**Q** 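Attaching a single structure in structure tokens format; questions to follow.
Quick note on labels: first sequence line is chain A, next is B, and so on, each numbered from 1. The structure presented is a predicted model; accordingly, all values stated were derived computationally and were not measured. Side chains are part of it too, since the values below use all heavy atoms of this structure and drop only hydrogens, waters and symmetry mates.
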Protein chains: 2
Amino acid sequence: MKRIKVSNNVIRRLPRYLRKLDELKACGVSRISSFNLGTQLGLTPSQIRQDFSCFGEFGQQGYGYNVSALRDEIASILGMDRGFKAVLIGVGNIGRALMDNFCFSEWGFELAAAFDIDPAVVGTSPNGVPVRSMDELLDFLRGNRIDVAVLTVPKEAAIAVAKLLCDNGINAIWNFTNVELTEPNSPTIVENVHFSDSLLSLGYYVAERYDEEAAHAARLARSEKGKD
Amino acid sequence: MKRIKVSNNVIRRLPRYLRKLDELKACGVSRISSFNLGTQLGLTPSQIRQDFSCFGEFGQQGYGYNVSALRDEIASILGMDRGFKAVLIGVGNIGRALMDNFCFSEWGFELAAAFDIDPAVVGTSPNGVPVRSMDELLDFLRGNRIDVAVLTVPKEAAIAVAKLLCDNGINAIWNFTNVELTEPNSPTIVENVHFSDSLLSLGYYVAERYDEEAAHAARLARSEKGKD
DNA sequence: GTTATATTGAGAAAAGAATCACAATCGCTC
DNA sequence: GAGCGATTGTGATTCTTTTCTCAATATAAC
């Protein structure tokens, strides 16, 4: 697989392609054209072809793409076949909800263990994943090759825990805290899930639409008045 | 406030600005320059000034921006002062976790009610929000001006429920299901929270880093061999 | 007051991303 | 097996976003 520098925009679209291809496969569709895929995803055919071409040639002229083969290529590009191992830090509400409901293995990740300071949850094993004491974290990281930490601690603890993780060999954090972890010069890969950012963006679009509708109504009212 | 067409990229940065400004305000910082803000967020000063200039002139030459005033401007741009009302559909694990932990009011939203088909949760009021039967949903939507629906139903039900919502006056959906809701020609505003997409993107970056490290190590090994 | 320093806002330039257009070529039909 | 219709991959073009640059101007010091 080529590893040229690929733009973030392309990378953000890859999981959507994967999801759609899985769906098509489940529906028994075995081949698809960039045109057809574009229609289903709201993207242009050329964008899709351009995206794929960053990683190789997966299609056939006059035919399109083989759904199953393309799906596997994208899965591989995303590292789903590498068996990444993860730990989860902070078994509070969101951490617990992830452990109970998010299927890490479906996406190629193995959740090896969770950690918390609360003795009430330490020793339990939600969904088969053991919850250990934070005291054991460093030993665990030393003894296991862990690729990713899922950060679900309260925001007060976020910075300190993130630093601890980075200092002990973790180089990627899936950050669910509402805190900006991105530090200048830090080599750590941080992927944020900021619910509030998402909701606020939605708020912007709603506000924009309401303003447009109001402006439209005002124009109508003026033109009605003009007629009288 | 101007409502010119603003790019998505800008809009996605606004919540980050807001968060950082709130933090600065809490730390007693009352003024800040675009240079300083850029350093803290990993953005260039000119990008920050350009972003703000989409909405007006909030700074003062030679001085910078007033943290509190800027924060309020951005909050207003995002519609936080409009009292948007929301309903939540699907009080399963993720729905319940949001009700219990996500502070809608902190972001200017009011969660008016939740809906579910399960009689076991109907009638309860997690965090003070009443859970009603899905049978009551349409009446509720008719009787209340609801701006946003939070969609946390199982993925099998996602499409049908989304359609029901759109057909009954909801024009914005905060989508937590792992399903592509974006329909061609639909005027509904959809904001997706796809955990798996986020994790897979992270996986890409991790895989990329590992490949780079391996390539680097291979280069080193070759040059060592050359020396012998 | 006057001057020095800091910093914005905005137009111009550069960089980056999306779209277009078409040669190459594959599968399918007759 | 020849010709047709479909569809890719890619280089060229267009559009968008980011960065650069600098005149304008506010504060702060003296």
Side-chain angles (χ1 to χ4, degrees), chain A residues 1-2 4-17 20-21 24 29-74 77 182 184 201 204 208, chain B residues 1-2 4-17 20-21 24 29-71 73-74 77 182 184 201 204:
Chain A
M1 187 203 316
K2 291 187 219 169
I4 55 156
K5 181 67 200 164
V6 175
S7 95
N8 286 338
N9 295 354
V10 175
I11 293 157
R12 298 282 156 194
R13 281 191 292 268
L14 293 177
R16 287 186 67 206
Y17 293 138
K20 177 55 79 177
L21 290 166
L24 289 167
V29 179
S30 66
R31 69 184 249 195
I32 192 156
S33 67
S34 58
F35 182 87
N36 193 339
L37 190 56
T39 305
Q40 296 194 41
L41 287 169
L43 303 171
T44 64
S46 34
Q47 180 165 58
I48 289 177
R49 294 202 300 273
Q50 188 102 350
D51 283 357
F52 294 165
S53 77
C54 295
F55 304 101
E57 307 189 1
F58 305 137
Q60 278 190 304
Q61 287 163 333
Y63 180 88
Y65 298 89
N66 178 297
V67 169
S68 182
L70 182 58
R71 186 253 169 229
D72 291 345
E73 288 286 355
I74 293 177
I77 292 164
T182 333
S201 301
Y204 176 89
E208 183 184 42
Chain B
M1 190 204 314
K2 291 190 218 167
I4 54 155
K5 182 65 202 166
V6 174
S7 95
N8 287 337
N9 295 356
V10 175
I11 293 158
R12 299 281 155 193
R13 282 191 291 269
L14 293 177
R16 287 187 66 205
Y17 294 138
K20 178 53 80 175
L21 290 165
L24 288 167
V29 179
S30 66
R31 70 184 247 196
I32 192 155
S33 67
S34 58
F35 181 88
N36 193 340
L37 190 56
T39 305
Q40 298 195 39
L41 288 170
L43 304 171
T44 63
S46 34
Q47 181 165 57
I48 290 176
R49 295 203 298 275
Q50 189 98 327
D51 282 357
F52 293 165
S53 77
C54 296
F55 304 102
E57 307 190 2
F58 305 137
Q60 278 191 305
Q61 287 164 333
Y63 179 87
Y65 297 89
N66 177 299
V67 169
S68 181
L70 182 58
R71 185 253 169 230
E73 289 285 356
I74 293 176
I77 292 165
T182 332
S201 302
Y204 176 88

**Q** Starting at CG of L37(A) and ending at P of dT8(D), how long is that distance when rounded to a whole Å?
**A**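 Atom CG in L37(A) sits about 9 Å away from atom P in dT8(D).
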**Q** By nearest atom, which of the nucleotides dA10(C), dT8(D), dA26(D) is closest to the Q60(B) side chain?
**A**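 Of dA10(C), dT8(D), dA26(D), dA26(D) is nearest to the side chain of Q60(B).
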**Q** How long is the line joining CD1 of I11(A) and P of dA18(C), in whole Å?
**A**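 Checked: the CD1 to P distance equals 12 Å.
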**Q** Working to the nearest 0.5 Å, report the span between CZ of F52(A) and CG of L14(A).
**A**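 Here the rounded value is 8.0 Å.
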**Q** Just to be sure I understand the rule, does S33(B) reach a base, reach only the sugar-phosphate, or reach nothing, if contact means heavy atoms closer than 4.0 Å?
**A**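 Result for S33(B) = sugar-phosphate.
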**Q** Looking only at the side chain of R31(B) (C-beta and beyond, no hydrogens), which of the listed nucleotides dA28(D), dT7(D), dG9(C) gets closest?
**A**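 Out of dA28(D), dT7(D), dG9(C), the nucleotide with an atom closest to R31(B)'s side chain is dA28(D).
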**Q** So, OP1 or OP2 of dT7(D): does either fall under 4.0 Å of a side-chain N or O from S34(A)?
**A**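 Checking S34(A) against dT7(D): no side-chain N or O falls below 4.0 Å of OP1 or OP2.
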**Q** Just how far, in rounded Å, is P of dC20(D) from CD1 of I48(B)?
**A**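 Rounded to the whole Å, the gap is 14 Å.
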**Q** Can you see if the side chain of S7(B) gets near the phosphate of dT17(D) - specifically, an N or O under 4.0 Å from OP1 or OP2?
**A**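 Yes, because at least one side-chain N or O of S7(B) sits under 4.0 Å from OP1 or OP2 of dT17(D).
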**Q** Verify the contact: side-chain N or O of Q50(A) to OP1 or OP2 of dA18(C), cut-off strictly under 4.0 Å; return yes or no.
**A**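 Q50(A) to dA18(C) OP1/OP2: no side-chain N or O under 4.0 Å.
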**Q** With a 4.5 Å cut-off on side-chain heavy atoms, are S33(A) and P45(A) touching?
**A**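 Result no, sub-4.5 Å side-chain heavy-atom pair not found.
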**Q** In whole Å, I'd like the distance from the CG atom of D51(B) to the C1' atom of dT16(D).
**A**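 Atom CG in D51(B) sits about 14 Å away from atom C1' in dT16(D).
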**Q** How close or far is atom C1' of dT8(D) from atom OH of Y63(A), stated in whole angstroms?
**A**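 One finds 13 Å between C1' of dT8(D) and OH of Y63(A), rounded.
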**Q** Give the nucleotide from the list dG27(C), dT18(D), dT8(D) with an atom nearest to the side chain of Q47(B).
**A**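 From the listed options, dT18(D) comes nearest.
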**Q** Picking from dG9(D), dA18(C), dT8(C), which would you name as closest to the side chain of Y65(A)?
**A**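 Closest nucleotide among those given: dG9(D).
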**Q** Taking only side-chain nitrogens and oxygens of S53(A), does any of them come within less than 4.0 Å of OP1 or OP2 of dG9(D)?
**A**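 Answer is no, no contact under 4.0 Å.
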**Q** Is R13(B) close enough to dT18(D) that one of its side-chain N or O atoms is under 4.0 Å from OP1 or OP2 there?
**A**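 Yes, such a contact exists.
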**Q** Would you tell me if any nitrogen or oxygen in the side chain of R49(A) comes within less than 4.0 Å of OP1 or OP2 on dG9(D)?
**A**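 Negative; the distance criterion is not met.
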**Q** If the plane angle is over 60° it's perpendicular, under 30° parallel, otherwise tilted; pick one for Y204(B) and F55(A).
**A**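 The arrangement is perpendicular - the two ring planes meet at more than 60°.
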**Q** If I take atom CG in residue N36(B) and atom P in nucleotide dT7(C), what distance separates them, rounded to the nearest angstrom?
**A**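 Nearest whole value for this atom pair: 9 Å.
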**Q** Do Q40(A) and N36(A) have side-chain N/O donor and acceptor atoms under 3.5 Å apart?
**A**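 The criterion, which ignores hydrogens and geometry beyond distance, is satisfied for N36(A) and Q40(A).
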**Q** Want to settle it: does G62(A) or E57(A) sit nearer the 5' end of DNA chain D, counting the closest nucleotide to each?
**A**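 This one resolves to G62(A).
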**Q** The side chain of N9(B) lies closest to which of these nucleotides: dT7(D), dA17(C), dT18(D)?
**A**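 So the side chain of N9(B) is nearest to dT18(D).
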**Q** Look at the side chain of Q61(B) against the base of dT7(C) and say whether a donor-acceptor pair falls under 3.5 Å; ignore hydrogens and angles.
**A**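 By the distance-only test, no, there is no pair.
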**Q** Give a yes or no on whether the backbone of S34(B) and the side-chain of R49(B) come within a donor-acceptor separation of less than 3.5 Å.
**A**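 No; zero donor-acceptor contacts below 3.5 Å.
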**Q** Output the rounded distance in Å from CG (N66(A)) to P (dC26(C)).
**A**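 Between P of dC26(C) and CG of N66(A): 16 Å.
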**Q** Output the rounded distance in Å from CG (L43(A)) to P (dT19(C)).
**A**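 Distance, rounded to whole Å: 8 Å.
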**Q** Got a second to check how far R13(B)'s CZ is from S7(B)'s OG, nearest 0.5 Å?
**A**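 Rounded to the nearest 0.5 Å, the CZ-OG separation comes to 6.5 Å.
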